[in-house]
Amino acid sequence: MANDREVLREVWEGKLPIAFKLDPDEVVELQQPDHFYLMVPRLSYFPLVTDKVRKHFLRYVANDKQDREMWLEYDGQPIKWHYPIGVLFDLLITSDDQLPWNITVHFDKFPENQIYRFSNKETVESYFMACLKEADVLKHRGQIASNMQKKDHNQLWLDKFEQFWAVNRKLMEVSSEQEHFKYIPFRCYMEDGYRQKLIKPVAEDGRRKTLQDLLHEMFPGRNNVNIKTHGMIPPLETPLQWMSEHLSYPDNFLH
């Protein structure tokens, strides 16, 4: 059971400063709009935090494009909205010296072949819940999420620490017969997407597996794999069970 509340709260409160700017080619006013600055939660998703960004830039965009889906770009690369914000930053940015994160806003030429469309925030919630249920299948054979009520799902979708953990603790508990999860829900990200694999938190001899063991199983023969999560490089000797309980994103995956 995840019970180190200081670690949980530190992870929960992680934020990133972002400077949004409208693509100059889409500006129809004589004057370029000011950048729009936001502190955004690492654990959230861009469609949930960019309403104010859209409102700020909308009047600078041609009338026939104002109803179009807004999309984001960094360094010429469309941003995948279904990745958590913290994951995107750790994947795309090499150093905190590059803060604030400069992101370009678009209302035109949606890159259909590179990122998914999302029709509304319910789309994001559906994706989040699908990930959470997948994580529960890996950890508990799906027994916890399947017994949750709609109000429990709603609490998991709230951006409030106490309410979220009041429900999420059930997903982080282990049974009296077993002191660990069946498998560790995780995703290893690379430039071309992510990888995941069935990896148990304990070895056949009962030894607790560590992050080092996960890397050996995921990338056999490679000794130069760099791992970052929540903006930090965790020690390779960190137990996987502990990482899953304390460093998972709200969808219950280690990213």
Side-chain angles (χ1 to χ4, degrees), residues 8-21 36-58 68-75 77-93 99-107 110-112 114-136 145 152-161 163-165 167-168 171 185-194 196 228-232 244 247-255:
L8 299 178
R9 191 173 282 279
E10 283 288 328
V11 169
W12 183 268
E13 293 179 351
K15 287 185 171 61
L16 290 167
I18 300 182
F20 295 91
K21 71 168 184 177
F36 191 84
Y37 295 89
L38 272 182
M39 287 291 290
V40 301
R42 274 182 156 270
L43 301 183
S44 190
Y45 300 85
F46 272 118
L48 305 181
V49 299
T50 49
D51 282 351
K52 292 180 180 177
V53 178
R54 182 183 182 87
K55 290 175 184 175
H56 176 75
F57 291 123
L58 209 53
R68 295 185 183 180
E69 187 169 328
M70 187 179 81
W71 60 279
L72 307 174
E73 170 211 323
Y74 171 71
D75 197 24
Q77 183 175 348
I79 289 176
K80 296 178 171 67
W81 64 261
H82 62 293
Y83 286 10
I85 294 171
V87 174
L88 288 163
F89 182 83
D90 292 342
L91 189 63
L92 299 173
I93 307 295
L99 292 173
W101 186 8
N102 288 291
I103 287 179
T104 302
V105 175
H106 294 273
F107 289 84
F110 191 93
E112 301 276 0
Q114 294 175 274
I115 56 175
Y116 298 120
R117 285 189 177 275
F118 66 94
S119 53
N120 49 45
K121 291 181 180 179
E122 285 70 32
T123 306
V124 189
E125 182 177 0
S126 296
Y127 175 77
F128 168 81
M129 290 307 303
C131 292
L132 188 139
K133 289 175 181 176
E134 180 185 345
D136 186 47
D152 296 321
H153 292 174
N154 291 342
Q155 270 191 241
L156 289 168
W157 189 235
L158 289 174
D159 58 353
K160 294 180 172 58
F161 178 81
Q163 287 91 326
F164 171 81
W165 271 102
V167 176
N168 195 57
L171 293 160
F186 73 93
R187 289 173 177 170
C188 287
Y189 291 80
M190 286 155 279
E191 290 182 0
D192 60 344
Y194 62 77
Q196 57 189 94
K228 184 184 283 189
T229 185
H230 301 291
M232 64 180 180
S244 189
L247 300 181
S248 291
Y249 275 69
D251 63 3
N252 275 234
F253 271 86
L254 284 170
H255 294 278

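Scanning both residues, F253 and F186, for their nearest heavy atoms gives CD2-N, 3.4 Å. Heavy-atom minimum distance, T229 versus D90: C-OD2, 3.8 Å. Of all the heavy atoms in K121 and W157, the pair that sits closest is O-CZ2, 4.3 Å.
V53 has its side chain out of reach of I18: every pair of non-hydrogen atoms, C-beta onward, lies at least 4.5 Å apart. Side-chain contact between L158 and Q155 is present, with heavy atoms from C-beta onward closer than 4.5 Å. Side-chain contact between L254 and S248: present, with at least one pair of heavy atoms (C-beta onward) separated by less than 4.5 Å.
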Legend entry - Full working for side-chain contact (heavy atoms from CB on, under 4.5 Å) between K21 and N102: CA-CA 7 Å; K21 71 168 184 177; N102 288 291; over 6 Å; no
Inset, instruction - Applying side-chain contact (heavy atoms from CB on, under 4.5 Å), run through L91 and Y83 and close with a yes or a no. - result: CA-CA 10 Å; L91 189 63; Y83 286 10; 4.3 Å; yes
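Not one N or O on the side chain of D251 forms a donor-acceptor pair closer than 3.5 Å with the backbone of C131. Under a 3.5 Å cut-off, the side chain of H106 and the backbone N or O of E73 do not form any donor-acceptor pair. Formation of a donor-acceptor pair under 3.5 Å by the W81 side chain with backbone atoms of Y116 is found in this model.
With sequence neighbours excluded, the residues forming a side-chain contact (heavy atoms from CB on, under 4.5 Å) with Q114 are P78, P111, listed by chain and number. Take F89 and apply the ring-ring contact (aromatic ring centres under 6.0 Å, His included) test, not counting sequence neighbours, and it matches W101. Partners of R9 under the salt bridge (charged side-chain N to carboxylate O under 4.0 Å, His left out) rule, at least two apart in sequence or in another chain, are E13, E162.
F118 has its ring centre no less than 6.0 Å from the ring centre of Y127.
Atom NZ of K133 has 12 or fewer heavy atoms from other residues, nucleotides or ligands within 6.0 Å.
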